[in-house]
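Scroll down for the structure; my scribbles are underneath it.
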Amino acid sequence: MECARAWDLLSAYLDGDLPEREREGIAEHLRHCARCAEEERALKETLSLLKNLPPGAAPPGLLAGVRLRIEKEQAAPPLWKKLFLPAHIKIPLEAAAVVLVFLLAYGIRKEMPASKVSPAPSASVERGTPGSRTDTRTDRQKAGAPVKRPPDAADRETGEKEAPREISSTMPGKKERAVVFAPRPGKPAGQAKAELPSVPAARVSTEGGAIGPTSLRDSPAGESTAPRVFAPPLSRLLRPMPSGREVTIEVASDDRTGLEDRIAVLALRLGGTVRREETGAAGGVGAEETFPLREIVRVHVPVDTAGAFLEELGKLGTIPPEGMTGKVEFHAGPSLDTVAYTVRIRVRHTPGSPSSPASR
Amino acid sequence: MDSAAPPPCSPKNRASEAGTRPVDLLVEAFREGKPGAFDAIVRAHQDRVYAFCTRMLSDREDAQDVAQEVFLSAYRNLTGFRGEASLSTWLLRIAANRCLNRIRQRTARAAREVLPDEPQGDGVAPFQPPGREEDRPDRMVETRETGKILEAAIARLDEDSRLLVLLSDVEGFTYEELAAAAGLPLGTVKSKLHRARMALRRMLAPVV
């Protein structure tokens, strides 16, 4: 055995941790190599010194210090105990957190556009007037996002207010609708601003059950009547709704004339009231005047006749699936026994009619 | 040399010095909530734990602080002590961990306290032996105070080597206990222990 190898094994040799053969090899080497034998002797003496190191004596205050630390620890529980105990604090806190998370998830879910939940194919515009500005509703808009009106600048240029018009798509197997914004014929210029009340559009989601009377849910046009729930956004839940619930009624252009009056008569017949004028600063700063609302009728009806009002309203035209806010459990009216409705009128242009974009 | 003779100080063959039976009784008494049981445990082991901490840390105040931490930790966890090793081995393992943590804290603190405009050489902090210059073993030859020389030599080992030498050759840990305490494989423990012993033997060359 070489010296280097013997040196490497010296510790194990002294510990008795070598197999018999290697142990004998080292012993043999040490008998003939004075240098390695001296090394082995010195290492053995070192280990002997270590083993016989005098035991230290702990300072007298060590035990007292330990006791003090234990007492301190028992007097002041650790932070995690302070946070999570006792149970009469912990359990209500956790319950409140669960409720909060549920409410947030509910609000976010309802705020989310339906297209993100269940994407549907885009509607295709069957026809449009060449050269006229058109705006095809995307799925998201159909799903309930506020419909973007044409910019005011365009209104100023043309002097006309554009009204959404709905046409059918030709997508096989699925009937879709698209809305075309086209200039309204015969509309006086300069009224566009006053005709855009800031009533938010309805929102729609694609799950849950339908609301309202059965007759309103069944679309006469044969459209998909998949059950849907129209729920308001969370912001609505937290704010009062001065305009009440929204209902959009869709009529053919031929039936448009006098529709506001028919809605008003209906409301009055059911014991309600009608408001068709709005007060606002229409003539400059501080100058207030009333101006008539166009395409919007605001009514207040007693709670017990609200269902009948909606049913009768459905007979005056068609309430499309996205045309009504959801069945919500909060009150939407000036008092607990009155429901406010904002009825929005939408004209459905039939092919060949004089006001149809295609016929112009 | 007689190859059949048993080696003088074999960690494999040596049993732990602390008697396990009385200590086990103390642990049982503590678990049963008998008053004074924990005090008895501290008294039985404080000298050994404190001496180990002093040799590891080369500072009496730190050693006392860490020794108290060790017994506080034991107080918290003694109910979970399964008796696989002797109580003294268990306590020394806690002490070894605490001492290494304390040394790392010191090193980190010392690194933070280095002024930025101080010359740093090649970026590596120069080796600072834990002992004082006058405590170097070769300077103490004349005094022949073997114990002091040995303590000083131990203090000059790096902390990992110091830990292995103290646990193995002073406290009598077996290789397996060493590996568990140091968190190293058995082979690594053996080779590191050998290197540490040889380093110590070189430092003690003037006296042995």
Side-chain angles (χ1 to χ4, degrees), chain A residues 4 6-33 36-74 77-78, chain B residues 1-3 6-14 38-39 42-43 45-55 60 63-65 67-72 74-76 146-147 149-151 153-154 165-166 168-170 172 175 190-191 193-198 200-205 207-208:
Chain A
W7 279 41
D8 284 344
L9 297 176
L10 267 184
S11 260
Y13 171 74
L14 293 176
D15 285 342
D17 192 44
L18 285 179
E20 184 69 24
R21 193 175 155 195
E22 279 189 304
R23 193 148 60 95
E24 287 175 0
I26 286 189
E28 180 67 20
H29 178 78
L30 293 178
R31 273 195 287 272
H32 298 98
C33 178
C36 288
E38 171 59 20
E39 192 68 24
E40 188 255 353
R41 186 206 57 78
L43 186 57
K44 197 188 289 183
E45 191 175 337
T46 301
L47 296 182
S48 176
L49 285 173
L50 284 168
K51 190 184 174 187
N52 296 315
L53 261 178
L62 197 144
L63 175 59
V66 174
R67 280 191 197 135
L68 194 65
R69 287 188 185 207
I70 290 171
E71 281 168 16
K72 261 188 191 175
E73 188 174 280
Q74 286 173 340
Chain B
M1 181 180 179
D2 184 9
S3 60
C9 45
S10 160
K12 286 188 79 178
N13 297 337
R14 273 189 322 204
F38 187 72
D39 284 5
V42 175
R43 283 194 200 98
H45 295 276
Q46 62 179 358
D47 290 348
R48 200 169 175 188
V49 170
Y50 174 75
F52 173 81
C53 293
T54 308
R55 286 165 186 150
R60 289 175 191 280
Q64 182 172 355
D65 190 40
Q68 288 178 355
E69 283 179 12
V70 170
F71 286 112
L72 184 64
Y75 180 82
R76 290 185 198 132
T146 313
I149 295 169
L150 188 56
E151 300 273 9
I154 292 170
V165 165
L166 285 174
S168 166
D169 299 329
V170 179
Y175 284 144
K190 289 178 183 177
S191 60
L193 178 62
H194 174 65
R195 284 199 293 273
R197 284 169 172 174
M198 296 305 276
L200 200 60
R201 178 256 173 278
R202 281 194 293 277
M203 281 192 271
L204 295 172
V207 290
V208 295

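Every chain is numbered from 1, with letters handed out A, B, ... down the list of sequences.
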Top of Asp65(B), Thr54(B), Val49(B), Leu166(B) for chain A proximity - count of heavy-atom pairs under 4.5 angstrom: Asp65(B)
Drop me the distance from Leu10(A)'s CG to Arg41(A)'s CZ, to the nearest 0.5 angstrom. 12.5 Å
Contacting region of Phe38(B) [heavy-atom separation from chain A under 4.5 Å]: side chain
Go through Leu9(A), Leu53(A), Leu68(A), Leu43(A) and name the one with the most non-hydrogen pairs under 4.5 angstrom from chain B. Leu53(A)
Part of Arg76(B) within contact of chain A (heavy atom distance under 4.5 Å): side chain
Please state whether the side chain, the backbone, both or neither of Arg43(B) comes within less than 4.5 Å of a heavy atom of chain A. side chain
Under a 4.5 Å heavy-atom cutoff, which of Ala57(A), Pro54(A), Pro59(A), Ala42(A) has the most pairs with chain B? Pro59(A)
What's the verdict on side-chain contact (heavy atoms from CB on, under 4.5 Å) for Asp169(B) and Thr46(A), showing C-alpha distance, side-chain angles and the deciding distance? CA-CA 10 Å; Asp169(B) 299 329; Thr46(A) 301; over 6 Å; no
Could you give me the CA-CA distance, side-chain angles and deciding distance for Arg197(B) and Asp15(A), then say whether side-chain contact (heavy atoms from CB on, under 4.5 Å) is met? CA-CA 12 Å; Arg197(B) 284 169 172 174; Asp15(A) 285 342; 2.9 Å; yes
Would you say Arg60(B) has more than 12 foreign heavy atoms packed within less than 6.0 Å of its CZ? no
Taking NZ, NE, NH1 and NH2 as the nitrogens, is one of them in Lys44(A) or Glu40(A) under 4.0 Å from a carboxylate oxygen of the other? yes
